[in-house]
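In what follows, residues are counted from 1 in the order of the sequence shown. For ligands, and for the atoms within them, numbers begin at 1 and follow the listed sequence.
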Amino acid sequence: MSKVLLITGASRGIGAETARLAAERGYALCLNYLHSHGAVEKLVTSLAGDGHHVITHQANVGVESEVMAMYQAIDREFGRLDGLVNNAGILEQQSDLVDMSRERWQRILDINVIGSFLCAREAVRRMSTRNGGQGGAIVNLSSRAAHLGAAHEYIDYAASKGAIDAMTIGLAKEVGDQGIRVNAVKPGLIYTDIHADSGEAGRVDRLKAGVPMQRGGLPVEVAEAVLWLLSDASSYTSGSFVDVSGGR
Ligand code: NAP
């Protein structure tokens, strides 16, 4: 039977490329999205030719009742879970911290941190060998911003990814004896729509001269690292971080 993988924020960018590679490698998929219904349906159509078992599920990962309903849909459709990619994430308009509101920080933390926590909790409940699960793997999308700090851009976002790093380390320790590996990928400057959401669609090109490899990254280059961390090829890797940042 195919391994079952939930990818949050799979309608676009890194999540969509991760879905493409996962389908190629034989995973059954639940593809989560929030607004981009058309994009996720188009993605599924492009996968469907290969006969994959794929469902889509609209849910805001920051809302507990919606996350619970999504996992119930997975239980009904597949009856098991083998992996989670905690990919859904947002950032807001570039700004100095001094001009940020409390509400903005709350939005960022609700989606990037609480959303990842809720999805990880429900995945552990299903995958843990203590609960009769088969074990599995969780891959969290952190960011190089957690180290760089994102000054004058989005310290709130960088802080949310710092929280993801701590959760990755702690959860890996908690569930290591329950058959579950927990790791994170830290992308650098990757060509996706997320930069337009920050008010600067051309951000990767503006900053790429500062990348040792002198270029931005492609979503598929991040997806390859995610798939490796999900796979048995990384069977002794847990609590680890893979930078996909061209050396930045
Ligand atoms: P993106 O192109 O903007 O795509 C974001 C995805 O997240 C979309 O599928 C979106 O769904 C989904 N999403 C947003 N809010 C959601 C919510 N509340 N509930 C469920 N889904 C939600 O972003 P990306 O660049 O691929 O980023 C993916 C991950 O990589 C994020 O965690 C990001 O922080 C991280 N990352 C990206 C970069 C980069 O340079 N691109 C660098 C470091 C880290 P809808 O479109 O359906 O709303």
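- The pair Arg248-Asp243 does not meet the salt-bridge criterion, since no charged nitrogen lies less than 4.0 angstrom from a carboxylate oxygen.
- Each of the following atoms of ligand 1 lies closer than 4.0 Å to a heavy atom of Pro187: 42 (C), 43 (C), 44 (C).
- Of all the heavy atoms in Leu5 and Tyr27, the pair that sits closest is CB-CD2, 3.9 Å.
- Scanning the protein for heavy atoms near atom 42 (C) of ligand 1, the closest one is Gly188 O, 3.1 Å.
- With respect to atom 16 (C) of ligand 1, the closest heavy atom belonging to the protein is Leu34 CD2, 3.9 Å.
- The shortest distance between side-chain heavy atoms of Met70 and His57 falls below 4.5 Å.
- Side-chain contact, His147 with Lys161: no donor N or O sits under 3.5 Å from an acceptor N or O.
- Using a 4.0 Å cut-off between heavy atoms, Tyr157 contacts ligand 1 through its side chain alone, with no backbone atom that close.
- Proximity of Ala59 to ligand 1 is established by a heavy-atom distance of less than 4.0 Å.
- Not a single N or O atom of Arg144, backbone or side chain, sits closer than 3.5 Å to an N or O atom of ligand 1.
- Looking only at atom types and distance, the side chain of Thr168 has a donor-acceptor partner in the side chain of Asn140 under 3.5 Å away.
- Which of Ala146, Ala10, Gly9, Ser143 comes nearest to atom 43 (C) of ligand 1 through a heavy atom is settled by distance: it is Ser143.
- Counting heavy atoms from C-beta on, the side chains of Lys3 and Leu230 never come closer than 4.5 Å.
- Not a single heavy atom of Ala145 sits under 4.0 Å from any atom of ligand 1.
- With a 4.5 Å cut-off on side-chain heavy atoms, Leu91 and Ile194 count as touching.
- Interface of His35 with ligand 1, defined as ligand atoms under 4.0 Å from a residue heavy atom, comprises 45 (P), 47 (O), 48 (O).
- In the vicinity of Ile90, heavy-atom distances shorter than 4.0 Å reach the ligand 1 atoms 14 (C), 15 (N).
- Aromatic pair Phe78/His53: ring centres closer than 6.0 Å.
- Looking only at heavy atoms of the protein, atom 11 (O) of ligand 1 is closest to Ser11 OG, 3.3 Å.
- Looking at heavy atoms from C-beta onward, Val85 lies out of side-chain contact with Leu6 at the 4.5 angstrom threshold.
- Closest to atom 19 (N) of ligand 1 among all protein heavy atoms lies Val61 N, 3.1 Å.
- Only side-chain heavy atoms of Ile111 come within less than 4.0 Å of ligand 1; its backbone N, CA, C and O stay farther off.
- Relative ring orientation between Tyr154 and Tyr157 is described as perpendicular, the plane-to-plane angle rising above 60° on a 0-90° scale split at 30° and 60°.
- For atom 41 (N) of ligand 1, the closest heavy atom belonging to the protein is Thr192 OG1, 3.1 Å.
- Heavy-atom contacts of His195 reach the following atoms of ligand 1: 39 (C), 40 (O), 41 (N) (cutoff under 4.0 Å).
- A heavy-atom distance below 4.5 Å is found between the side chains of Asn32 and Val61.
- Proximity annotation for atom 26 (O) of ligand 1: of Asp197, Ile7, Ile14, Ile190, Ile14 comes nearest, heavy atoms only.
- Between Val67 and Arg121 there is no side-chain heavy-atom pair separated by less than 4.5 Å.
- Here the heavy atom of the protein found nearest to atom 46 (O) of ligand 1 is Ser36 OG, 2.6 Å.
- In this structure, of Asn32, Asn87, Asp193, the residue bringing a heavy atom nearest to atom 29 (C) of ligand 1 is Asn87.
- Here the protein heavy atom with the shortest distance to atom 1 (P) of ligand 1 is Arg12 NH1, 3.8 Å.
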Trace of the side-chain hydrogen bond (donor to acceptor under 3.5 Å, both in side chains) decision for Arg181 with Thr237: CA-CA 7 Å; Arg181 296 182 300 107; Thr237 302; 5.4 Å; no

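- Taking 4.0 Å as the cut-off, Asn60 counts as a neighbour of ligand 1 on heavy-atom distance.
- Here the protein heavy atom with the shortest distance to atom 13 (N) of ligand 1 is Ala88 CB, 4.0 Å.
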Glu103/Arg107 under salt bridge (charged side-chain N to carboxylate O under 4.0 Å, His left out): CA gap, chis, key distance, verdict: CA-CA 6 Å; Glu103 290 69 28; Arg107 280 194 299 276; over 6 Å; no

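- If you look at Ser142 next to ligand 1, the close heavy atoms, those under 4.0 Å, all belong to the backbone.
- Proximity of Lys161 to ligand 1, defined as any heavy-atom pair under 4.0 Å, is confined to the side chain (atoms from C-beta onward).
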